[in-house]
Amino acid sequence: YAPEGDDNEPPVILINNPENNQIFEEPEILFEGIVTDNQGITRVSFNHHWDYGETEIHSERFIEPLMEYNFDFIIM
């Protein structure tokens, strides 16, 4: 997505798992979803920071250009 260039439409991200406001009691959280983009997707990443701790999580994947990409990330 580059609003200053030809790509002025941001990607669409649909998170299938977990559901909104879900409470977790297990140490691993699986995020699954689909991202689509009219110009193509070349990278999928996320950043996470626990409110009460110092652990920050960053994960990034570089992929061949696709119009749709199914993703999954595990946060521990």
Side-chain angles (χ1 to χ4, degrees):
Y1 173 60
E4 66 280 350
D6 293 338
D7 187 4
N8 57 11
E9 187 176 323
V12 175
I13 302 168
L14 173 63
I15 297 176
N16 298 321
N17 185 56
E19 295 179 13
N20 256 354
N21 300 315
Q22 187 172 346
I23 296 173
F24 299 94
E25 296 183 14
E26 62 276 355
E28 294 182 355
I29 302 170
L30 173 64
F31 282 84
E32 297 175 302
I34 300 170
V35 59
T36 59
D37 188 72
N38 66 323
Q39 298 288 318
I41 303 151
T42 58
R43 179 179 57 164
V44 177
S45 65
F46 79 89
N47 291 309
H48 176 76
H49 180 79
W50 297 104
D51 285 341
Y52 52 85
E54 296 181 11
T55 304
E56 185 168 319
I57 300 169
H58 172 80
S59 183
E60 185 169 54
R61 295 183 190 153
F62 290 91
I63 58 176
E64 294 295 319
L66 299 168
M67 303 305 275
E68 180 177 294
Y69 180 72
N70 292 303
F71 64 86
D72 59 15
F73 291 100
I74 295 177
I75 295 179
M76 301 165 98

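In what follows, residues are counted from 1 in the order of the sequence shown.
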Problem set entry | Verify same cluster id: Val12, Leu66 (apolar side-chain graph, 4.5 Å) | no
Problem set entry | Minimum-distance pair of heavy atoms, taken over all atoms of Val44 and Tyr69 | CG2-CD2, 3.5 Å
For this session: Check the hydrophobic clustering (I, L, V, M, F, W, Y; side-chain heavy atoms under 4.5 Å; chains of links allowed) and say if Phe24 and Phe73 are grouped together.
Result: yes
Problem set entry | Euclidean distance, Thr42 OG1 relative to Ile63 CD1, rounded to 0.5 Å | 7.0 Å
Exercise. Who pairs with Glu60 by side chain to side chain donor-acceptor pair (under 3.5 Å), at least two apart in sequence or on another chain?
Worked result: Arg43
Exercise. What's the shortest heavy-atom distance between Asp72 and Glu32, and which atoms?
Worked result: CB-CG, 4.0 Å
Problem set entry | Heavy-atom closest contact (Asp37 atom, Glu9 atom, distance) | OD1-O, 3.5 Å
For this session: Quick one: closest heavy-atom pair of Glu68 and Ile34, and the distance?
Result: CG-CG2, 3.6 Å
For this session: Tell me whether Phe46 is reachable from Val35 by hopping between hydrophobic residues (I, L, V, M, F, W, Y) whose side-chain heavy atoms are closer than 4.5 Å.
Result: yes
For this session: Look at atom CD of Glu19 and say whether more than 12 heavy atoms of other residues, nucleotides or ligands are closer to it than 6.0 Å.
Result: no
Problem set entry | Pairwise distance CZ(Phe71) to CG(Asn16) - rounded to 0.5 angstrom | 7.5 Å
Exercise. Any side-chain heavy atom of Leu14 within less than 4.5 Å of one from Thr36?
Worked result: no
Exercise. Can you list the steps and then say if Ile15 with Asn20 is a side chain to side chain contact (heavy atoms under 4.5 Å, CB included)?
Worked result: CA-CA 9 Å; Ile15 297 176; Asn20 256 354; over 6 Å; no
